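Working notes, beginning with the structure itself.
Because only heavy atoms are used, hydrogens play no part in the values below, and waters and symmetry mates are left out as well, while side chains stay in. Small disclaimer: the values here were computed from a predicted structure and weren't measured.
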Amino acid sequence: MNETTRSRGLSLLSLAVLVVLTAVSLWTVWPPPPASADAPADSFSAQRAFEHVQVIGQEVHPAGSAAAGDVRDYLVDTLTDLGLEPEVVEGVGATGALGSGYGLAAVENVVAVLPGTDSTGTVFLVAHYDSVQVSYGANDDGAGTATLLETVRALREGPPLTNDLVLLFTDAEEACLCGAEAFVHDDPLGADGGVVLNVEARGSSGPAIMFETSRGNAALVDVYSTVPHPVGSSMAVEVYRILPNDTDFTPFREEERFAGLNTAYIDGSAAYHAPEDRPEYMDLASLQHHGSNALALARALGDDDISALSVPSANDATYFPAFGELARYPGWLVWPVAVLAALAVVALGWLSVRRELVTGRRLAAGFAWALAPIVLVVVVAQLFWMLLVALRPGYAELLDPWQPWWFRVALVSLVVTVLLLWFGALRARLGAPALVVGALGWLAVLGLVLASVTPGGSYLAALPALAGAVGGIVALRLGDTSRVVVHTVAGAVAVVVLAPIVMLFLPALGLATGAAPALFAVLLGLALLPVLDGLVPRGRRSLLPALGAGVVAVACVGVGLVVDQFDEAHPLPTQLMYALDADSGDAWWISSEVSPSDWTGQFVSDHEDVHSTFPLLGTDVWTGQAEPADLPAPEVTIDSDTTANGVRTLELTVAPQRDVRLVSLTIADGGVQSAQIEGRDIPVADGTLAAVFNAPPDDGVHVTLTLSGDQEAVLQVADGSDGLEELPGFEPRPTGVGILGSHTSELVLVGTTVTL
């Protein structure tokens, strides 16, 4: 065996080890198999919990609906059967967290207490029982609701907890997070704070990820690390803090007296908020993952010192999944690790030049060129999604296709293609050492940048850079065989750190924003360059591996397009609304689709700004003339109108004349000084009021306004119901055409303007 053959064999063995390690790393974050209905009574069984899901997900049940009342009654009956004394707590929640006007709702939370034996504080298990107006809510949040019910059943089978446990099933989460806000604002059970575990779902499958925490999370992360299947990344927490997304955890997180964790499974997002969020679409393994961890956390927190845990730690922890455990280190180490990685890379470059493996000029060129694949994969990932949308326009309305895995493999293959093309083309000119050090240099730079911007994500670049640089320094002193072993160990660190985050970010951000997982995938590839160097052929054959990866990408796209067809079970998402101006008698069909589908196109044809007429809707929507329906506008009654000391006070009742889900109230530039709706103060900016009241009371929505002097105000009022089927001119959707999961799909608005 000649030297080249032996070297190639060692490199192949190294690659095989890293491939196996990658498979193990991904497998350990996958959900566990569901436990059967005859599992031990003190354990969590997905099959037992699924019985609750089947009841909760029978009907669409938005806040205020009769179906929501049925779910609420089921919760009360089930908790009573479990030996608890549940209460239905009415209130009004108010929050601006979800945008599109200040949100309010009349809510009916279901609350039950499992008393502790010697409580140090309160543990809150939280899930919402309402659904979006077009969704059955089996996963979102039937999964969380069922998890809480099965968890408390299992807890009752074991020894009592030390701490008090509050089960909170919130109302109107989908509308405005108002059930949780009402609890935080008014309920005496929450007055002293405590530790919160919120259980959510955004999709129908995938691992249950602990994706959000309160600040100063180090102690809570330590507790979370004890669950059977911990899956979480401090980078996910950083990303979620940047995104404009919220759950019921938000009202708790914003109050200093609470600390806590937020978990959800997030794959299968095509079913999110859609009519397909039904029990049969649920992956029971994901439900099991939710429940096993929730039960373990309830027990751990139930016997811990809540008075200490509810106080923020000195810093956030850095953490990530590793072989079924949660690797973690304190936040104060973020900068030392990042700086040490940068120094190690500089040392590797200096030693490489000193040993005459590379010149300083080539080293600088290698660093400059190492940025190319990082930039290119970001561009390629977005072009890839644009191509998929061009081939199948219905994807434009989705975060991910219905069956995305073939496309995900294609995206990763494209990343590999870009990386290998870059490496094969430049290695002959600059040499492998220059490219390896340059690649590690950019990893180190990203580690420093992330330490400054998103500290919890710095580990993703800093640890691979540190391992690669230290491995490279050690390898300079070793023979070929030992060198391969060292590079394999350094590569293993990169695999353990980066491979799971690539898999978790693919569903988290979807192919629509595939640049993020593509970025982490290329970082992994850059960290593995010392191993790839022994595998990529020299000369003209150097481009063959890239060609092979490209062929895989094309093949996966082809298979994906064949496998992922829009059909009855996986319909094309379409979004349509109807708006009637009761004053003028004009009516419109309205759609927020990026590009109207054939079905939607029969209703809309022009872009129009309808925001001034219907403030609840966006400014850039598709519209089409519609036949006016015989629908009454909401009535506005002035109950009181007084002026004193230059301030005019109005008391109004806005009463819908039909069965509606919401009432929108807007006064633009009306000199509004203050406003109250159903007793809750509403923020007013520049004399403008914009609010949406969900699940309005039967006797109407009561509003109190103070205006400057005797100034008139123009009040725009609209009420909204759901369902287009009875409207004149509506054409039913054919098989394979469905409803986009959104808060405005199928919305029927009737608006009027009143001068006060």
For [X], the option from [options] that meets side-chain contact (heavy atoms from CB on, under 4.5 Å):
X	options	answer
Val231	Val29, Asn293, Thr263	Val29
Val495	Val24, Val17, Leu18, Thr488	Leu18
Thr454	Ile242, Leu460, Val237, Val334	Ile242

So, the side chain of [X] versus the backbone of [Y]: is there a donor-acceptor pair under 3.5 Å, distance only?
X	Y	result
Trp422	Trp369	yes
Asp283	Ala285	yes
Arg355	Trp350	no
Ser43	Ala39	no
Thr250	Thr247	yes
Gln288	Pro32	no
His289	His229	yes
Ser482	Leu478	no

Should the heavy atoms of other residues, nucleotides or ligands under 6.0 Å from CH2 of Trp385 be counted, would the total exceed 12?
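Yes, CH2 of Trp385 has more than 12 neighbouring heavy atoms, counting only those of other groups under 6.0 Å.
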
Can you confirm whether Trp30 is buried at CH2, in the sense that more than 12 heavy atoms of other residues, nucleotides or ligands lie under 6.0 Å from that atom?
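More than 12 within 6.0 Å, yes.
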
Mind listing the closest non-hydrogen atom pair of [X] and [Y] along with its distance?
X	Y	result
Ala462	Ala341	O-CB, 3.4 Å
Val552	Ser413	CG1-OG, 3.4 Å
Ala492	Leu21	CB-CD2, 3.3 Å
Tyr224	Leu261	CB-CD1, 4.0 Å
Ser458	Leu450	CA-CB, 3.7 Å
Pro373	Leu526	CG-CD2, 4.1 Å

Would you mind reporting whether [Y] and [X] have side-chain heavy atoms less than 4.5 Å apart?
X	Y	value
Ser352	Val437	yes
Leu528	Leu15	no
Ser214	Leu220	yes
Tyr319	Met210	yes
Leu476	Leu348	yes
Ile374	Trp442	yes
Arg408	Leu411	no
Phe252	Asn198	no

In Å, rounded to the nearest 0.5 Å, how long is the span from [atom1] of [X] to [atom2] of [Y]?
X	Y	atom1	atom2	answer
Phe320	Ile501	CZ	CD1	10.0 Å
Arg361	Leu430	CZ	CG	12.0 Å
Ser225	Arg328	OG	CZ	3.5 Å
Trp405	Leu506	CH2	CG	6.5 Å
Leu498	Thr22	CG	OG1	10.0 Å
Leu284	His290	CG	NE2	13.0 Å

Output yes when [X] and [Y] qualify as a salt bridge under the 4.0 Å nitrogen-oxygen rule, no when they do not.
X	Y	answer
Arg241	Glu212	no
Asp267	Arg202	no
Arg538	Asp533	yes

Side chain to side chain contact (heavy atoms under 4.5 Å, CB included) assessment of Val536 paired with Arg427
CA-CA 10 Å; Val536 176; Arg427 182 177 58 179; 3.6 Å; yes

Audit row: Thr213, Asn262, side chain to side chain donor-acceptor pair (under 3.5 Å) steps and yes/no:
CA-CA 6 Å; Thr213 72; Asn262 201 0; over 6 Å; no

Please state whether the rings of Phe211 and Tyr240 are parallel, tilted or perpendicular, taking 30° and 60° as the class boundaries.
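Aromatic pair Phe211/Tyr240 classed perpendicular.
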
Between Tyr272 and Ser204, is a side chain to side chain donor-acceptor pair (under 3.5 Å) present by the stated rule, with each step listed?
CA-CA 7 Å; Tyr272 178 54; Ser204 60; over 6 Å; no

Test Leu532 against Leu419 for side chain to side chain contact (heavy atoms under 4.5 Å, CB included), laying out the working first.
CA-CA 10 Å; Leu532 295 177; Leu419 182 69; 4.0 Å; yes

Apply the test side chain to side chain contact (heavy atoms under 4.5 Å, CB included) to residues Met235 and Phe520: give CA-CA distance (whole Å), side-chain angles for both, the deciding distance (0.1 Å), then the verdict.
CA-CA 12 Å; Met235 181 58 171; Phe520 293 123; 3.9 Å; yes

Side chain to side chain contact (heavy atoms under 4.5 Å, CB included) between Arg215 and Asn315: does it pass, once the steps are laid out?
CA-CA 8 Å; Arg215 295 194 180 273; Asn315 51 61; over 6 Å; no

Distance only, no hydrogens: is a donor on one side chain within 3.5 Å (strictly under) of an acceptor on the other, for [X] and [Y]?
X	Y	value
Asn139	Tyr265	yes
Asp564	Tyr395	yes
Asp316	Ser234	no

